[in-house]
Amino acid sequence: MPKVNAKDMLLKATAENYAVGAFNVTNIIQMKAVIAAAVSKRSPLIIQTSVTPSKYLQPEVIAGVYSILAEQAPVPICLHLDHSDEVDYCKTCADAGYTNIMIDASKHDFEENIQQTLEVSRYCHDRGISVEGELGTVCGIEDQVVVAEDEAQLCDPDKAQEFALKSEIDLLAPAIGTAHGVYKTSNPVLDFDRLEKIAEIINGKEPRIPLVIHGGTGLSDDVVRRLVSLGGAKFNVSTELKHVLIDTTYDYIGEHRDQYNPGKLDVAVSAAITACIERWIDLLGSGDKA
Ligand code: 13P
């Protein structure tokens, strides 16, 4: 299918009350495995890269591989840059062929967050690329973005609409208590009412600016379903994929210590990643929505 940005895909998800999984990958094997899951479930898909792997592999390389795989696939696939806190790097990735860009200026004060986000929105919109902004700060560690628990701030619903309109974003990530990385408790405190209120203010009359849930790893299935039912339309999952990659590699090498065949290791990792993503697609309700 032709490459797509995230906007229309997520407006549809918002209207039909399901979410599209946005999965952070660090290499081509993972990218292929995630796409295989989306194809088998006939689900739309967002592939995302954090800034460090993007810089390491080079945005042109990632976007080049994405372009070939997305055009071959029978489902719509978007390539998203996750949590860039540098305006210039957002532009670099937009030029390289990413189709959705997240500028994370959430550590700045409200006005500066708007200004930086607006600069990225205008640059990207001229190129047909959609943009995600963040209001409030999601705690935990996501690549170069580190937010301590006592620094994290939840999104103010009364400011959400003003932020979204003035920054001209397409997608809003409101901080509602989810966290990047592994949760320290099996029952993290999330502010469901806050999400509901933000969804009502922004998308109550008609879907306008789809909402993004960060920190998917470790949430219970019930919590995920509730967040989706309250309006979460893009659901980010990163740490779980890293665990699947490393644990599968470790187990495979432990069981095949005398084998020197990287291709077989790739097959084992791919199968594990595909199974992980198929489970997420079922949970988010995006199967058969492509
Ligand atoms: P997790 O690493 O907790 O799954 O969070 C992913 C995320 O929100 C990426 O932006």
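In listed order, ligands and their atoms are each counted from 1.
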| Thr239 neighbourhood, listing ligand 1 atoms whose heavy-atom distance to it stays under 4.0 Å | 1 (P), 2 (O), 3 (O), 4 (O)
| query | Salt bridge or not for Asp95 and Arg127, using N-O below 4.0 Å? | reply | yes
| remark: For Thr99 and Val4 the tightest heavy-atom approach is OG1-O, 2.8 Å
| task | Below 4.0 angstrom from a heavy atom of Val237, which ligand 1 atoms are there? Numbered from 1 as shown, please. | result | 4 (O)
| query | Between the side chains of Asn187 and Thr185, is a donor N or O closer than 3.5 angstrom to an acceptor N or O? | reply | no
| query | If you measure only the distance, is there a donor-acceptor pair under 3.5 Å linking the side chains of Gln30 and Thr26? | reply | yes
| message | Could you tell me, atom by atom, which parts of ligand 1 come under 4.0 Å of a heavy atom of His83? | response | 10 (O)
| said: So is His180 touching ligand 1 or not, going by heavy atoms under 4.0 Å? | reply: yes
| note | Any heavy atom of Glu240 under 4.0 Å from ligand 1? The part involved is neither
| note | All heavy atoms of Ile169 vs all of Gly133, minimum pair found to be CG2-N, 3.7 Å
| message | Show me which atoms of ligand 1 lie under 4.0 Å from any heavy atom of Asp82. | response | 9 (C), 10 (O)
| query | What's the shortest distance from atom 4 (O) of ligand 1 to any protein heavy atom, and which residue and atom give it? | reply | Thr217 OG1, 2.5 Å
| Does even one non-hydrogen atom of Ala179 get within less than 4.0 Å of ligand 1? | yes
| said: I'd like to check which ligand 1 atoms, numbered from 1 as shown, lie under 4.0 Å from a non-hydrogen atom of His214. | reply: 8 (O), 10 (O)
| query | With no hydrogens and no angle check, do the side chains of Tyr183 and Thr178 hold a donor and an acceptor under 3.5 Å apart? | reply | no
| Quick one: do the Thr14 and Asn203 side chains pair a donor with an acceptor below 3.5 Å? | no
| Which protein heavy atom lies closest to atom 3 (O) of ligand 1, and at what distance to 0.1 Å? | Gly181 N, 3.0 Å
| What atoms of ligand 1 come within less than 4.0 Å of a heavy atom belonging to Gly215? | 1 (P), 3 (O), 5 (O), 6 (C), 7 (C), 8 (O)
| said: Suppose I only count heavy atoms of Ser238 and a 4.0 Å limit; which atoms of ligand 1 are within that range? | reply: 1 (P), 2 (O), 4 (O), 6 (C)
| query | Does the side chain of Ser106 come under 3.5 Å of the side chain of Glu134 through a donor N or O and an acceptor N or O? | reply | yes
